[in-house]
Protein chains: 2
Amino acid sequence: MPKVNKTKYAILGVLDMRPCSGYDIKKFCDSGISHFWNENFGHIYPVLKELEKEGSITKAVEQGDGKPSRNVYSITQKGKEELTQWLLQPVEHSPARLELLLKLYFAKSIPAASMIEELERVKEKHAQRLETLLKMEKLFLGNETAKSDAGFPFWLSTLRYGIYDAEFRIKWCEETITNISAHQLGK
Amino acid sequence: MPKVNKTKYAILGVLDMRPCSGYDIKKFCDSGISHFWNENFGHIYPVLKELEKEGSITKAVEQGDGKPSRNVYSITQKGKEELTQWLLQPVEHSPARLELLLKLYFAKSIPAASMIEELERVKEKHAQRLETLLKMEKLFLGNETAKSDAGFPFWLSTLRYGIYDAEFRIKWCEETITNISAHQLGK
DNA sequence: ATATAATATATCACACTGATATATAAGTCA
DNA sequence: TGACTTATATATCAGTGTGATATATTATAT
């Protein structure tokens with residue numbers, strides 16, 4: 001079974017909320033769902049063309065006097081059905097490729113201090129991420145409109161995932177720094 | 001800054017332990033480091049050719065009478081230096097693309113039961129993964145040869161990462177199932 | 001004896017990333 | 001006012017990585 005084009009379904013999902021240009025879709029990915037998803041222009045634009053060609057979305061060109069034209073896409077009935085079918089399928093396995101762990105695995109040939117510094121940097125990065133996510137959660141839990149939406153428990157769970165993920169990584173960085181340091185002293 | 005070819009460094013790292021054929025490298029990725037790394041033949045073979053061309057590895061053809069030939073590669077001094085340089089660099093940011101969270105985010109248009117079933121399946125998958133990792137850790141901690149190797153704390157930390165990761169995902173699946181179920185009942 | 005799994009290399013289509021090119025409009029600040 | 005920067009908007013390219021498939025031999029199991 002060949003790999004499924006997930007960009008296709010990400011786009012259908014966004015257009016199912018409201019009509020968007022390619023630029024709008026990119027902005028949404030970089031703000032609303034950036035804690036678990038990413039899209040590039042280099043993939044969005046060609047996929048929009050394909051989706052239009054197969055009738056899953058339709059294009060409307062917006063001409064603001066003199067302004068650069070906007071291609072605004074809307075989802076069709078066919079597109080909605082495709083999205084639903086995908087949502088009902090189990091997720092695909094996605095192979096792990098964790099650069100930090102690969103470096104760690106081969107790290108015995110470089111000075112331990114270098115690896116420890118890198119672990120400190122990574123820990124700091126996740127600490128900042130955690131802070132952001134906790135703020136988002138607080139804002140979200142205080143928003144009565146959001147709370148009454150049928151999507152509420154789903155959206156909240158994506159935030160919770162990010163929070164648990166950041167927490168475990170911080171803990172692991174600390175533990176790993178301690179273990180490497182202890183092993184260095186014992187040599 | 002264009003994306004770094006990590007397959008290149010994964011191969012150099014494996015060849016720095018011992019000379020290998022492309023097939024051996026694939027086997028190693030699928031056994032020793034499969035809990036955090038993945039490589040495909042479709043990438044290994046062309047990268048081996050490039051590495052040989054640039055003088056980072058050398059090829060020796062093994063001819064066992066009649067048997068299919070094996071191309072056994074060894075790392076050169078240049079290759080060792082390249083590997084070290086890469087190990088000293090900070091890790092690159094890798095964008096998140098979590099299909100399960102994307103589905104969850106758009107899930108309000110499908111029956112909650114479908115999503116809950118998927119979460120149960122995912123939870124079970126991680127529970128099995130956790131079991132495997134804990135067995136590996138036990139074996140590893142009981143191996144006196146491994147314990148005396150300079151790589152010990154590094155290798156152990158890659159296992160610990162996988163264990164924490166599996167644990168948090170199991171916890172998150174359970175919490176998410178509970179929250180979705182509760183929200184369904186309250187409607 | 002036959003089927004299946006393991007060894008071994010190679011290639012292809014496609015998914016996805018990150019950089020770059022191009023052009024206009026709007027805001028900043030000296 | 002002019003110069004600079006940022007935001008809006010679309011498009012394309014080279015390169016990384018995935019998963020499937022083709023091919024051929026050897027070893028093992030039923």
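Because the structure is predicted, anything quoted here is derived from the model rather than measured. Just the heavy atoms: all of them, side chains too, but no hydrogens, waters or symmetry mates, feed the values below. Naming convention: chains lettered A, B, ... in sequence-line order (proteins, then strands); numbering from 1 in each chain.
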Check the distance between dA25(C)'s C1' and Arg70(A)'s CZ and give it to me in whole angstrom. 14 Å
To the nearest 10°, let me know how far the axis at one end of the helix from dA1(C)-dT30(D) to dA30(C)-dT1(D) is tilted from the axis at the other, five pairs an end. 30°
I'd like to know if the side chain of Lys103(B) and the backbone of Gln89(A) have a donor-acceptor N/O pair within less than 3.5 Å. yes
When rounded to whole Å, the CD to C1' distance for the pair Glu62(A) and dA25(C) reads 16 Å
With a 4.0 Å cutoff (strictly under), does any side-chain N or O of Tyr23(A) reach OP1 or OP2 of dT8(D)? yes
What is the distance, rounded to the nearest whole Å, between atom NZ of Lys26(A) and atom P of dT8(D)? 13 Å
Are the charged groups of Arg121(B) and Glu118(B) less than 4.0 angstrom apart, N to O? yes
Check this for me, if you would: do Glu50(B) and Lys8(B) make a salt bridge, where the nitrogen-to-carboxylate-oxygen distance has to be below 4.0 angstrom? no
Sugar-phosphate or base contact per nucleotide [nucleotides 12-19 of chain D; S, B, -; heavy atom under 4.0 Å]: BB--SBBB
Geometric cation-pi criterion Lys108(B) and Phe154(A), 6.0 Å radius, 45° cone: no
Could you state the interatomic distance from CD (Glu117(B)) to CG (Leu88(A)), rounded to the nearest 0.5 Å? 10.0 Å
Would you say the side-chain atoms of Trp172(A) pair up with the backbone N or O of Gly162(B), donor to acceptor, closer than 3.5 Å? no
Please check if the side chain of Ser21(B) supplies one atom and the backbone of Val72(B) the other of a donor-acceptor pair under 3.5 Å. no
Roughly, in whole Å, what's the span from CG in Asp24(B) to C1' in dA6(C)? 13 Å
Check Glu99(A) with Lys6(B), please: is the shortest side-chain N to carboxylate O separation under 4.0 Å? yes
Rounded distance in Å - CD1 (Ile44(B)) to C1' (dA8(C)): 12 Å
Any side-chain N or O of Ser21(A) less than 4.0 Å from the OP1 or OP2 oxygen of dT10(D)? yes
